[in-house]
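Notes for the one structure printed next.
Model, not experiment: these values are computed from the prediction. Order of listing sets the numbers, starting from 1, for every ligand and every atom in it.
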Amino acid sequence: MNILGIESSCDETSAAVLCDGRVCSNVVSSQRCHTVFGGVVPELASREHERLIVSIAEAAITEANITKNELDVIAATAGPGLIGAIMVGLCFAQGMAYGLGVPFVPVNHIEAHMFSPFISDTADHHAPEEPFVSLTVSGGHTLLSVIAPDLSYEVIGRTLDDAAGEAFDKTGKMLGLPYPAGPVIDRLAAQGDPTFHDFPRALTSQSQSSKSYRGNFDFSFSGLKTSVLTWLQKQSPEFIATHLPDIAASIQSAIVRVLVEKTIGAARSRGIRAISIAGGVSANSSLRKRMREACDKNGITLYLPGAIYSTDNAAMIATLAGLKISKGMRAEQRYNVAPYASFAAGSRKG
Ligand code: KG4
Ligand code: ZN
């Protein structure tokens with residue numbers, strides 16, 4: 001079965017082809033036009049998707065060595081994300097499915113991140129067969145979920161305010177870094193001292209009494225943002241410029257330590273022996289390293305999608321569509337764009 005996946009929820013235009021469960025192509029174009037604005041401009045994003053979508057889809061089909069007439073299913077992100085941006089990919093995919101007379105499968109973008117350990121692009125790829133705790137950390141979402149082998153899942157924690165990616169992007173903006181600041185902080189932090197300044201870590205065992213902390217898998221990053229802002233206001237521009245790597249490393253450490261502690265805590269409290277991390281922030285080198293160390297220490301298997309599958313990509317959209325089809329989900333003929341996150345379909349809580 002050949003599945004074409006389309007992703008256009010934010011500032012990546014992407015198309016991928018999945019041939020019998022294996023990724024045969026995954027073409028991603030990241031929009032650069034937003035950098036000068038310090039964040040994604042929705043209207044510019046929609047126009048850029050519109051400009052690129054046909055050529056990106058054609059490139060993915062050509063790279064997969066098939067023709068469009070050999071496609072069996074077309075899938076696209078239906079939400080959450082920027083409404084205009086989603087509509088470009090969704091309408092393109094639905095129109096193409098209609099034209100080719102093949103089924104269309106709408107996909108929830110965040111669920112696609114959650115299920116990214118199932119993305120297979122090599123013969124020796126191992127997908128989780130046991131229940132696993134998924135930490136999904138993107139620009140707009142921070143979710144802890146427990147995913148069962150039948151693909152049903154339970155959301156057990158989420159951010160109460162800012163997402164982890166937002167914490168990177170907004171504190172980076174305060175430091176004068178370009179958008180998206182996450183990868184820039186990652187690079188700067190590699191040369192810095194993470195103990196340079198102790199920024200707060202909210203809702204952790206350190207910040208709360210053990211009684212109120214136990215079983216609390218929610219996150220909060222807005223306090224960190226305020227703390228970074230007020231601390232920076234007290235420093236001179238020269239001091240900030242001199243210690244930029246140290247400040248970046250300290251901010252990164254505050255975010256990463258919370259993510260690791262909560263994820264390991266969730267797995268241990270549920271007696272689960274596997275963890276995956278997904279979403280753009282899972283590309284962070286310190287998060288990958290610290291989560292690996294914590295998993296090794298606790299005898300937990302860690303599933304880490306390749307870096308290209310951490311940030312937005314269409315391979316995850318095609319993969320989740322394939323998983324849904326294999327579980328007998330009925331393909332819908334029409335689907336409306338859903339800009340806000342909804343996890344009602346598979347989630348028992350959250
Ligand atoms: O999943 P994603 O590509 O798009 C959304 O669905 O939001 O995530 C984008 C987020 C941005 O906040 C970006 O700064 C962050 O992922 N990010 C990183 C890194 N690479 C991307 N954050 C920290 N370290 C990185 N290496
Ligand atoms: Zn994403």
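- A side-chain donor-acceptor contact under 3.5 Å links Q31 to the backbone of A45.
- Residues that satisfy the ring-ring contact (aromatic ring centres under 6.0 Å, His included) test with Y179, not counting sequence neighbours, are absent from this structure.
- Residue-and-atom listing of protein N/O/S atoms under 2.8 Å from the Zn ion (ligand 2), sorted by chain and number: H109 NE2, H113 NE2, D312 OD1.
- Listed by chain and number, H109, H113, S138, G139, G140, G165, F168, D169, P180, G182, P183, D186, G279, G280, V281, A283, N284, T311, D312 each place a non-hydrogen atom less than 4.0 angstrom from ligand 1.
- Enclosure of atom CE in M87 is not indicated, since only 12 or fewer non-hydrogen atoms of other residues, nucleotides or ligands lie within 6.0 angstrom.
- Between H197 and W231 the shortest heavy-atom distance is CE1-NE1, 3.0 Å.
- In F239, the CZ atom is crowded: over 12 heavy atoms of neighbouring residues, nucleotides or ligands sit closer than 6.0 Å.
- Between the side chains of H243 and D193, no donor-acceptor pair of N or O atoms lies under 3.5 Å.
- For CZ of R22, the number of neighbouring non-hydrogen atoms (other residues, nucleotides, ligands) closer than 6.0 Å is greater than 12.
- Residue E50 qualifies as open at atom CD: its count of foreign heavy atoms under 6.0 Å is 12 or below.
- Through side-chain heavy atoms spaced under 4.5 Å, either directly or across other Ile, Leu, Val, Met, Phe, Trp or Tyr residues, V41 is tied to V36, F37, L44.
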